[in-house]
There are 2 protein chains.
Amino acid sequence: MTSTSRPDDAPSTDPVGFESHDHASCIASAIAEAEAHCAREGLRFTPVRRKALEILLREHRALGAYEMLDALREAGFGSQPPVAYRALEFLVGNGFVHKIERLNAFIACAHPGATHSPAFMICRACDSVAEAQATPARGALGEAARAAGFRIERTVVEAEGLCPTCSDKSDT
Amino acid sequence: MTSTSRPDDAPSTDPVGFESHDHASCIASAIAEAEAHCAREGLRFTPVRRKALEILLREHRALGAYEMLDALREAGFGSQPPVAYRALEFLVGNGFVHKIERLNAFIACAHPGATHSPAFMICRACDSVAEAQATPARGALGEAARAAGFRIERTVVEAEGLCPTCSDKSDT
DNA sequence: ATACGAACTGTTATAATATGACAAGTACCA
DNA sequence: TGGTACTTGTCATATTATAACAGTTCGTAT
């Protein structure tokens, strides 16, 4: 906790992520959420897993697996790819982290706790990523799936474009 | 053309792709579409590009770049990765082929000619892929983007689950 | 016809992303 | 305390992708 912490009721929505916000408190609460979830489910929130989640929360951007590996090595963990991939697999599997397929990279979930289908907005200029909510079963895809008899289990929804900041720059 | 060809008005929708259909005619017409498009735009529909598109149309499934490379080599083209990647880049760039990010693989467009935002249904059991239409700007993502001031240029929409066939099998 | 530039092809080499397999350590429970 | 499932770290390797450069082809303007 730093002197910048604030009560939980401040920017509780933050639907976007292109705005700045209080990292210290969102990190702490996300870690606490993960810890509680693991306790409830009988999962082992081991040091390397916790560290990986902390790194993603602290960076607040999408990291490649090898960037994660570097960070974990610096923190004193193993230095071979499976170390990073296994931690990330655990975190993704439990919904604490999402994989951005378009970037082959990983980002901490912005809505921990909520069961959700994430959607992402990826800026092609600065690589920033914001998380929103998708509504898979609704819309054209849901209809097509029902018509085809396809049983949707998971959706990847990623929009690529320009974030407000980069959009302003390119308008110049 | 084979004896199985049929008039263009038969299954004109084929919104799904989990159904079988007349490959010979859909291949021929897709190639013709691509040829016409390139002629109009002053693009060069070279032998290796044409062959790559033919291969994807014939296979009617998502192929990895190295599978494509093998097929191109067998057809007498170069045998190094850039050969495949460059042909695929051209085809994707012109909308004749889509990349399935979830699979790092490529599939021929099922709706050639139409300007569209594709959406895919990917069977996790048999890896079959069907293409549908997405409606990016509508729905929750479009709203979030407008609220955030994010300018969407392209969307990746991929649903993972079970196709009708595999779904029936797993119900047993 | 010919010279020119842009685009294309093929190659070598290497980068970036990801997984299989195994040995050693740890947690938990019977 | 012994067994079992899980976790970690490592080595080795597979898979996916791109940079750079030389030679060729294409279209066009002389």
Side-chain angles (χ1 to χ4, degrees), chain A residues 34-35 38-53 55-56 62-94 96-107 122 124 127 156 158, chain B residues 34-35 37-53 55-56 62-94 96-107 124 127 156 158:
Chain A
E35 201 159 50
C38 288
R40 274 197 307 279
E41 305 283 327
L43 301 166
R44 292 164 62 183
F45 196 46
T46 62
V48 66
R49 291 168 178 176
R50 169 186 296 257
K51 192 65 181 182
L53 180 55
I55 288 162
L56 285 174
L63 291 190
Y66 281 71
E67 288 183 277
M68 173 60 73
L69 180 56
D70 288 345
L72 288 175
R73 179 176 41 233
E74 279 170 25
F77 296 95
S79 59
Q80 300 302 317
V83 170
Y85 281 101
R86 285 193 292 229
L88 289 166
E89 180 182 33
F90 175 86
L91 296 172
V92 169
N94 289 286
F96 307 140
V97 163
H98 301 298
K99 179 170 188 183
I100 310 293
E101 298 289 345
R102 188 71 182 72
L103 302 178
N104 294 319
F106 302 83
I107 194 164
I122 306 168
R124 67 166 159 78
D127 278 348
V156 172
E158 299 173 359
Chain B
E35 202 158 50
H37 174 90
C38 289
R40 274 197 307 279
E41 305 282 326
L43 301 166
R44 292 164 62 184
F45 196 46
T46 61
V48 65
R49 292 167 177 178
R50 169 187 296 259
K51 192 65 182 184
L53 181 55
I55 288 162
L56 285 175
L63 292 190
Y66 282 70
E67 287 182 278
M68 172 61 72
L69 180 56
D70 288 344
L72 289 175
R73 179 175 42 233
E74 278 171 25
F77 296 94
S79 59
Q80 300 303 317
V83 169
Y85 280 101
R86 285 193 293 229
L88 289 166
E89 180 182 33
F90 175 86
L91 296 172
V92 169
N94 290 286
F96 307 140
V97 164
H98 301 298
K99 179 170 187 182
I100 310 293
E101 299 288 345
R102 188 71 182 73
L103 302 178
N104 295 319
F106 301 83
I107 193 163
R124 67 167 159 78
D127 277 347
V156 172
E158 299 173 0

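In this text, all values refer to a predicted model and were calculated from it rather than measured experimentally. Naming convention: chains lettered A, B, ... in sequence-line order (proteins, then strands); numbering from 1 in each chain.
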To the nearest Å, give me how far apart [atom1] ([X]) and [atom2] ([N]) are.
{"X": "B:Leu88", "N": "C:dT9", "atom1": "CG", "atom2": "C1'", "result": "15 Å"}
{"X": "B:Phe77", "N": "C:dT11", "atom1": "CZ", "atom2": "C1'", "result": "17 Å"}
{"X": "A:Glu101", "N": "D:dA17", "atom1": "CD", "atom2": "C1'", "result": "16 Å"}
{"X": "B:Glu67", "N": "D:dA14", "atom1": "CD", "atom2": "P", "result": "17 Å"}
{"X": "B:Glu89", "N": "D:dA19", "atom1": "CD", "atom2": "P", "result": "10 Å"}
{"X": "B:Arg73", "N": "C:dT11", "atom1": "CZ", "atom2": "P", "result": "10 Å"}
{"X": "B:Leu69", "N": "C:dT11", "atom1": "CG", "atom2": "P", "result": "10 Å"}
{"X": "A:Leu43", "N": "C:dA27", "atom1": "CG", "atom2": "P", "result": "16 Å"}

Do the side-chain N or O atoms of [X] get closer than 4.0 angstrom to the phosphate oxygens (OP1, OP2) of [N]?
{"X": "B:Ser79", "N": "C:dG10", "value": "no"}
{"X": "A:Gln80", "N": "D:dC11", "value": "yes"}
{"X": "B:Tyr85", "N": "D:dA17", "value": "yes"}
{"X": "B:Asn104", "N": "D:dA17", "value": "yes"}

Do A:Glu158 side-chain atoms and A:Ile122 backbone N/O form a donor-acceptor pair below 3.5 Å?
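Not at all, since once roles are kept as given, no pair shorter than 3.5 Å links the two residues.
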I would like to know whether B:Leu56 and B:Met68 meet side chain to side chain contact (heavy atoms under 4.5 Å, CB included); could you show each step before the answer?
CA-CA 8 Å; B:Leu56 285 175; B:Met68 172 61 72; 3.5 Å; yes
Quiz question: going by heavy-atom distance under 3.5 Å, is there a donor-acceptor pair between the base of C:dA18 and the side chain of A:Tyr66?
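Per atom types, the contact qualifies.
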Give the C-alpha distance, both sets of side-chain angles, the deciding distance and a yes or no for side chain to side chain contact (heavy atoms under 4.5 Å, CB included) between B:Phe106 and B:Leu91.
CA-CA 10 Å; B:Phe106 301 83; B:Leu91 296 172; over 6 Å; no
Going by the angle between their ring planes, with limits at 30° and 60°, are B:Phe90 and B:Phe96 parallel, tilted or perpendicular?
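B:Phe90 vs B:Phe96 ring planes: tilted.
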Nearest nucleotide by nearest heavy atom, which residue falls closer to the 5' end of DNA chain C, B:Phe90 or A:Leu103?
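So the residue in question is B:Phe90.
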Roughly how far apart are A:Arg49 CZ and A:Glu35 CD, rounded to 0.5 Å?
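If I round to the nearest 0.5 Å, the distance is 14.0 Å.
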Hey, which sits more toward the 5' end of DNA chain D by its nearest nucleotide, B:Arg86 or B:Arg44?
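The residue mapped nearer the 5' terminus is B:Arg86.
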Name the nucleic acid region contacted by B:Arg49, choosing base, sugar-phosphate or nothing; use a 4.0 angstrom heavy-atom cut-off, strictly under.
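Sugar-phosphate, no base atom in range.
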Nearest to the side chain of B:Lys99, heavy atoms from C-beta on, is which of C:dA18, D:dT7, D:dA17?
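In terms of side-chain proximity for B:Lys99, the closest of C:dA18, D:dT7, D:dA17 is D:dA17.
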